2 protein chains.
Amino acid sequence: MLDMLRSEGNRVTTSRRLLIGCLFEAKGHLTAEEIAEDLQRRAPDIHLSTIYRNLDELERLGVVSHSHLGHGPATYHLSTKVHGHLVCEECGVTIEAPDEIFAELAKIVLKEHDFIIDPHHFAVLGRCGTCQQRAVDQERSGEAERASRT
Amino acid sequence: MLDMLRSEGNRVTTSRRLLIGCLFEAKGHLTAEEIAEDLQRRAPDIHLSTIYRNLDELERLGVVSHSHLGHGPATYHLSTKVHGHLVCEECGVTIEAPDEIFAELAKIVLKEHDFIIDPHHFAVLGRCGTCQQRAVDQERSGEAERASRT
DNA sequence: GTTCTTGCAAAAGCTTTGCAGGAAG
DNA sequence: CTTCCTGCAAAGCTTTTGCAAGAAC
């Protein structure tokens, strides 16, 4: 990947080496801020703006992608690690979903709208099982309360 | 809807009347800024922050929703008008999609992840037919150029 | 040496908040 | 007359940009 940078006329610098290392090791989804904290442990004066610039560059080269998992900052990861996300609007939990779940949607949308979906860029929001259950429970206790008042 | 506001202890004010009117007439997706321009034609000193506050309030009451159609500002509309969106990452065109296209995805996700999706909040990004075609054409002319150089 | 990168500071874009005066009920 | 709303100004958060000093090649 460093060679790839070089061959495009880009320089191989400390911040880029560390950034790429960080992305390789990363388990999940890192925001620019989180990446900054990580890199700054090894090189304290790497600046956030440098990280944004490097992420942009790597994204242009196609090796990095970002996703939006809800309101709040974007998250970055290697393009090789892309996958879909389900994010609960209530508690914010993020579920990583295999791409197969989008197969049918992709097919329909291509046929009906001549549109190729990229199901990774934006998460699919909704409500997780736990929060559904909580909503049901609250509904029930609300009913009980109303009943007890009569 | 004005009665609904009143019954919740909220006041019916000029800005709220105009805001609701604007949302009823609106064809598509309006950003807060666009709503502001519209209302200010009738009441020049309605402030953007007032609009944000009113939209939040109406959203809390469940009559307004917002969606994110890409990078850039959120768009607001009556909850009765929600629908899915396909947005081209390249040219930005927005296609309104009927909800049926999400039926299969919803079913799978519920079964596999006990998760109820809300397919309206975030658009589905991807590439529209026109931009696909353009990419193919460019690829072809690139090939031609490379060939002519040999 | 030339060109690309960086740190810093500042600004941009969208949205939220504190406050004091004003309107709705 | 009490409570809620509003305009304004300011700040918040994420991301981008201009610039001059510095590093990679």
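Below, read A as the first sequence line, B as the second, and so on, with proteins coming before strands; counting in each chain starts at 1. These numbers come from a predicted model, not from an experiment.
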With a 4.5 Å limit on heavy-atom distance, are the side chains of [X] and [Y] in contact?
{"X": "A/Glu57", "Y": "A/Asn10", "result": "yes"}
{"X": "A/Ile108", "Y": "A/Glu104", "result": "yes"}
{"X": "A/Tyr76", "Y": "A/Thr31", "result": "no"}

What is the distance, to the nearest angstrom, from the [atom1] atom on [X] to the [atom2] atom on [N]?
{"X": "A/Leu55", "N": "C/dT6", "atom1": "CG", "atom2": "C1'", "answer": "15 Å"}
{"X": "A/Arg60", "N": "C/dT5", "atom1": "CZ", "atom2": "C1'", "answer": "14 Å"}
{"X": "B/Glu57", "N": "C/dT16", "atom1": "CD", "atom2": "C1'", "answer": "15 Å"}
{"X": "B/Ile51", "N": "D/dG7", "atom1": "CD1", "atom2": "C1'", "answer": "12 Å"}
{"X": "A/Asp45", "N": "C/dA9", "atom1": "CG", "atom2": "P", "answer": "12 Å"}
{"X": "A/Leu18", "N": "C/dT5", "atom1": "CG", "atom2": "P", "answer": "16 Å"}
{"X": "B/Leu5", "N": "D/dT3", "atom1": "CG", "atom2": "C1'", "answer": "15 Å"}

| remark: Given protein heavy atoms under 4.0 Å, the one-letter contact record of nucleotides 9-18 of chain D, with B base, S sugar-phosphate only and - none, is simply -----SBBBB
| B/S/- contact track for nucleotides 20-25 of chain C, protein heavy atom under 4.0 Å | ---BBS
| field | Any donor-acceptor N/O pair, A/His68 side chain to A/Gly70 backbone, under 3.5 Å | value | no
| Any donor-acceptor N or O pair under 3.5 Å, side chains B/Ser65, B/Ser79 | yes
| Hydrophobic cluster partners of A/Val136 (side-chain heavy atoms under 4.5 Å) | none
| message | Would you say the ring centers of B/His71 and A/His121 fall short of 6.0 Å from each other? | response | yes
| message | Is there a side-chain contact between B/Thr50 and the phosphate of D/dC5, meaning an N or O under 4.0 Å from OP1 or OP2? | response | no
| By side-chain hydrogen bond (donor to acceptor under 3.5 Å, both in side chains), which residues pair with B/Thr75, not counting sequence neighbours? | none
| message | How long is the straight-line distance from CD1 of A/Ile95 back to CZ of B/Phe115, given to the nearest 0.5 Å? | response | 5.5 Å
| Any salt bridge between B/Glu90 and B/Arg134, counting N to O under 4.0 Å? | yes
| What are the residues of residues 35-42 of chain B, sorted by number, that bring a heavy atom to within less than 4.0 Å of DNA chain C? | none
Just distance, no hydrogens or angles: give the donor-acceptor pairs under 3.5 Å from side chains in residues 20-30 of chain B, sequence neighbours left out.
from: B/His29; atom 1: NE2; to: B/His83; atom 2: NE2; distance (Å): 3.4
from: B/His29; atom 1: NE2; to: B/His85; atom 2: NE2; distance (Å): 2.8
from: B/His29; atom 1: NE2; to: B/Glu96; atom 2: OE2; distance (Å): 3.1

